[in-house]
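All values below were derived from every heavy atom in this structure, side-chain atoms included, with hydrogens, water molecules and symmetry-related copies excluded. The sequence lines fix the lettering, A, B, ..., with proteins before strands; numbering per chain opens at 1.
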Amino acid sequence: MSSPSILLIAFPKGRLGDELIPKLANTPLALDPLALKSRVLRIPTATPGVAVLLLKGADLPRYVAAGVASLGIVGSDTLDELDMDLLELADLGFGACRLSLCAQAGVTFETLRAKPHLRLATKFPKATEAWLTRMDLTAELVPPE
Amino acid sequence: MAVRTPHFPDLLFGSAARLRRWEGILMDLLTANGYQELHPSLVLRESVPEGAVRFFDGEDLVALRWDFTMALAGLLARSFPQPPERVAYAGAVFRRPVQPWEAVERFEVGCERIQPEGESSAEADVELARLLMAIPGAIGLKSAILHLGNAALIRRPLEVEGLFGGLADAVVAALSRRAPHRVREALDGHPSARQLTAHAEALLSELDGPGTLAALASSPYAGLLEGEREHMERALQSLLPILPPNLELRVDLADVAGLDFYTGPTLRLWAPGAQQEVAAGGRYDRLFPGLGRPWQAAGFCVRLSRLLDLADTRPDLFEQPQ
């Protein structure tokens, strides 16, 4: 549990974080640049009593759902994949992404349709399942270990 | 060797004593209000639901009791030609956890109010809300928030528009996130998109404010849902004058938790500052007819495991026992 005197906000690492952190420069949520370069767990912000946890996108909603952080910023694709009791307070309007279907060169959609059994590896089983339903395709989903 | 205690909780002295004490207090409260205990078997031999902890007993696949409401429904439908009006239960259920930190074995106390179909259910719903309101004080939780919702506010418009399956699930998921813009995205291109998005905006426009119920008037389905609105208003009129000082009552029009099960009013009890729902329930009038009994039912379940975790991690939320 977070200490009641500190508001902990979870920020994403990676591409989304790289886009987010510069946007917050000179705002009350600007991160302390020295702490950002260090290995500290809680990064202070420009507002006393508000700190940030940097987390992997897939882990972030779990931290908020478990009450470790009070709120967080994460891609909606990540939220869509998790069945968690979380509120989406606002769409911040950045971090758009595209889900692509990859196959060997020369494979067309008709080739895939003609195959009796498709195996599809994905980290996004819910989004993939919805797409398969829309396309009237059946495939065995293989989640990464 | 890694020890994953949260999954299979061993209760040490303090927690074990607390569990025993809370079970006793809550069962006494329910008994004093006319609820009689039933104790369905810990082992299920008939249908083995998904998510249950299963094992072989010889050649038979069996499961541990995974939910009291379902286990009790089977027991009641088998054993009683007429339903007992009020039943209570206490014990453990076993479920494969959805989240990695959830325990497999969970301790619960709960109750059900059962009536023949056709009887007015308004008093029963208020009775259950009043009982739930007494629970924080009974177990020494210093403060709590009670959310009143109604599953029919979402169910009925979806049914009227013939929205089922994946699309209905997407709308419900967007509402559960309190995100009307996601409802709009999910319904893009659907003939009922405009009405249902306007309805979602009405449900979400006055979160917990004094005008929450009045916000329903701006929904295109206001006429369809007039009965539900009146029911919630009457419940508020009954409950607000007797609200204990440590409890806050809020109306949550977009409560979609358990929407595939609940059919009417819903109740959720929260511990503020802990982001934990510690009790939940509601009306589920389709359960018994599905088992061949023309009965309607509502109930709630207190999640003692979550309260035990809270007492360990946030003892400041509880009064210290004398």
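The parts of A/S76 that come within reach of chain B are both its backbone and its side chain, each placing non-hydrogen atoms under 4.5 angstrom from that chain. Heavy atoms of A/L82 lying under 4.5 Å from chain B are absent altogether.
Residue A/K115 qualifies as open at atom NZ: its count of foreign heavy atoms under 6.0 Å is 12 or below. Applying the 6.0 Å contact sphere to CZ of B/R194 captures no more than 12 heavy atoms from other residues, nucleotides or ligands. The number of heavy atoms from other shown groups lying within 6.0 Å of CD (B/E50) does not exceed 12. Heavy-atom contacts from other residues, nucleotides or ligands closer than 6.0 Å to CZ of B/F13 number 12 or fewer. A 6.0 Å sphere centred on CG of A/D136 holds no more than 12 heavy atoms belonging to other residues, nucleotides or ligands. A 6.0 Å sphere centred on CD of B/Q195 holds more than 12 heavy atoms belonging to other residues, nucleotides or ligands.
One finds a salt bridge joining A/E88 and B/R182 here, because a Lys/Arg side-chain nitrogen approaches an Asp/Glu carboxylate oxygen to under 4.0 Å. B/D169 has no carboxylate O lying under 4.0 Å from a charged side-chain N of A/K126, or vice versa, which leaves the two without a salt bridge.
If you take CG on B/L204 and CG on A/L87, they are separated by 10.0 Å, rounding to the nearest 0.5 Å.
Residues B/R177 and A/D80 meet the side-chain proximity criterion, which asks for heavy atoms closer than 4.5 Å. Within the 4.5 Å cutoff, the side chain of A/L86 has no heavy atoms near those of the B/R178 side chain.
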